> 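Below you will find the structure I want to go over with you.
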Amino acid sequence: MNRVTKGILALAALAVLTLAPATSASADAWGQQNATYSNASRSNQLVTMTHSISGKGRTANLQSATATTGKICGGRVDFTERTSTSALVKRSTGSTVSGCNISFLPRERSNITFASNTATACASLFDTSVLRVTQCHYIS
Amino acid sequence: MRKAFHRRAAVAILAASVLAGCSQAPEGPPKLSASDIADTSDFQRSIVEDNEVTWAEYERATIAERDCLIAEGYSPGELERSGSQLGFVTDVDYSQEADPEAADRKFLAIAKGCEDEYTSLVRVVWGEHLVVYEPEERQRLLEQVVTCLQNAGIDLSADADLDEVVNTIGGLDDQGQQAATPCIEANDRLFHQSAFDS
């Protein structure tokens, strides 16, 4: 087995995905979600996703997400919206960070109007295209 | 085409995460192996074969990745620069899709394909270029970020080391993290680590 295949298998076998229960965002909402995961270069990394929405009802002035972690390579933060039956409504992919970094990976967007059928708004952290942690808020 | 994308993705994952055994002395950025370079796309090989990526090359690769998404029918936003990073946001609306999950899987696969074709290995080499090895320069950046965070109202001692800075940032609430963001972006090379270190 070449080292490429070994790397992929290690990533697949060790990945741990954590989904946070949604918290209400009818006005302002702030939430944090921790997850521990391992990849081929490090084991038991703690990652903390902080996700906030400020606004009122279906209009948000700001949605922001930061992820703090020991070391992340090719990190990316996506925002997604889902209906009450978990059907995906929208995905907004963020920029992929070049190389590896520690500390946090911030992303924010402003002046958002959530669709009438959006029930949850989430932020997800990807590490080299692998989903690591998601934090959601209810929209009502 | 799809198999080629997968193979290139694998190379990118390898280069970013797996080469723990290939760490080198900190005289400069570690180098890609000959097989990493051989296995990547023609586009990326022409950029990374000298193991160096300039800002112009990084920008050209990012534009090509964005153009790839446009060619596939998506609408990525304008290029955005943040510190040493260049990228773009892509918004996809699935509200009219009969099967949104399938449409999302397709989008993510295409996006990954575009990345593997144009930027995955370029980003690895650009990222290595950002790692600061010189102790004096690391100390200068550390002092700069600590001063910036203090000026932003964040409680941090003047002689804080990097671990203290990272732990402090991690413990901030949302407002604090927003206040810290410009300090991190302005000194982001301090927070870069080599993909080749374990």
Side-chain angles (χ1 to χ4, degrees), chain A residues 2-8 10-11 28 30-32 39-42 46 48 50-52 54 62 64 66 68-74 76 78-83 86-104 106-109 115 117-118 127-130, chain B residues 7 9-14 16-20 39 58 80 82 84-95 97 100-101 103-104 107-108 111-112 115 119-120 122-124 126-131 162 165-166 169-170 173-174 177-178 180-181 184-185 188 191-195 197-198:
Chain A
N2 63 33
R3 61 185 182 181
V4 173
T5 311
K6 283 179 185 172
I8 292 172
L11 282 166
D28 293 345
W30 182 88
Q32 250 180 1
N39 60 24
S41 65
R42 288 197 174 184
L46 174 67
T48 301
T50 304
H51 175 211
S52 71
S54 57
L62 188 69
S64 68
T66 59
T68 60
T69 181
K71 177 180 177 181
I72 190 163
C73 299
R76 190 184 89 217
D78 283 8
F79 292 131
T80 54
E81 298 172 33
R82 290 182 180 274
T83 68
S86 292
L88 192 58
V89 179
K90 288 181 182 173
R91 175 183 294 281
S92 175
T93 58
S95 299
T96 301
V97 173
S98 295
C100 306
N101 57 355
I102 56 172
S103 192
F104 68 33
R107 185 180 171 198
E108 63 181 37
R109 59 179 183 168
N117 60 343
T118 293
D127 169 1
T128 320
S129 296
V130 179
Chain B
R7 188 175 65 246
V11 172
I13 291 169
L14 164 73
S17 310
V18 184
L19 294 180
D39 288 346
Y58 177 44
E80 297 173 3
S82 171
S84 60
Q85 304 288 322
L86 189 65
F88 54 87
V89 164
T90 306
D91 293 336
V92 187
D93 188 336
Y94 300 117
S95 56
E97 295 285 345
E101 298 297 335
D104 189 48
F107 164 66
L108 290 175
K112 180 135 182 39
E115 190 175 323
T119 55
S120 54
V122 169
R123 283 201 183 104
V124 170
W126 177 253
E128 289 305 312
H129 155 79
L130 298 175
V131 180
L162 185 57
V165 170
V166 170
I169 292 169
D173 62 13
D174 188 53
Q177 291 196 344
Q178 283 187 39
T181 297
I184 304 299
E185 286 184 358
D188 64 350
F191 301 94
H192 273 274
Q193 292 189 340
S194 174
D197 293 338
S198 58

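Just so we're on the same page: letters track the sequence lines, and every chain starts at 1. Given the structure is predicted, the values throughout are model-derived calculations rather than measurements. Any value given below was found using the heavy atoms of this structure, including those in side chains, with hydrogens, waters and symmetry copies removed.
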> Provide the closest heavy-atom pair for A/Ser95 versus B/Phe88 in the form atom of the first, atom of the second, distance.
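Heavy atoms only, the tightest pair is OG-N, 2.9 Å.
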> Name the region of A/Thr118, side chain, backbone, both or neither, that has any atom closer than 4.5 Å to a heavy atom of chain B.
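Looking at A/Thr118, nothing touches chain B.
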> Would you check if B/Leu108 and A/Arg91 make a side-chain contact, meaning some heavy-atom pair closer than 4.5 Å?
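Contact flag for B/Leu108/A/Arg91 side chains = yes.
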> Which value, rounded to the nearest 0.5 Å, describes the distance between B/Ser82 atom OG and A/Arg107 atom CZ?
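B/Ser82 OG to A/Arg107 CZ: 12.0 Å, rounded to 0.5 Å.
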> At a heavy-atom separation under 4.5 Å, does A/Glu108 approach chain B through its side chain, its backbone, both, or neither?
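For A/Glu108, side-chain heavy atoms alone lie under 4.5 Å from chain B.
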> Might you point out which heavy atoms bring B/Arg123 and A/Ser98 nearest each other, and give the distance in Å?
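Taking every non-hydrogen atom into account, CG-OG, 3.4 Å.
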> Can you tell me how far OH of B/Tyr94 sits from OG1 of A/Thr80, rounded to the nearest 0.5 angstrom?
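Answer rounded to 0.5 Å: 10.0 Å.
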> Rounded at 0.5 Å granularity, tell me how far CG in A/Asp78 sits from OG1 in B/Thr90.
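Going from the CG atom of A/Asp78 to the OG1 atom of B/Thr90 covers 9.0 Å.
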> Chain B: which of A/Asn117, A/Val97, A/Thr93 shares the most heavy-atom pairs with it under 4.5 Å?
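Heavy-atom pairs under 4.5 Å are most numerous for A/Thr93.
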> Out of curiosity, B/Lys112 NZ to A/Thr128 OG1, how far, rounded to the nearest 0.5 Å?
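Rounded to the nearest 0.5 Å, the NZ-OG1 separation comes to 8.5 Å.
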> Please classify the contact of B/Glu115 with chain A as side chain, backbone, both or neither, using a heavy-atom distance under 4.5 Å.
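For B/Glu115, the contact with chain A is made by the side chain alone.
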> Flag the pair B/Leu162 / A/Ile102 as yes when at least one side-chain heavy-atom distance between them is below 4.5 Å, and no otherwise.
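With C-beta onward as the side chain, the pair touches.
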> Does A/Ser64 reach the side chain of B/Gln178, with side-chain heavy atoms less than 4.5 Å apart?
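Counting from C-beta outward, A/Ser64 and B/Gln178 do come under 4.5 Å.
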> Which bit of A/Ser129 comes within less than 4.5 Å of chain B, counting heavy atoms only: side chain, backbone, both or neither?
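The side chain, not the backbone.
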> So do B/Val89 and A/Arg109 actually touch side chain to side chain, heavy atoms under 4.5 Å?
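No. Closest side-chain heavy atoms not under 4.5 Å.
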> With side chain to side chain contact (heavy atoms under 4.5 Å, CB included) as the test, pick out the partner of A/Lys90 among B/Val92, B/Asp93, B/Asp104.
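That would be B/Asp93.
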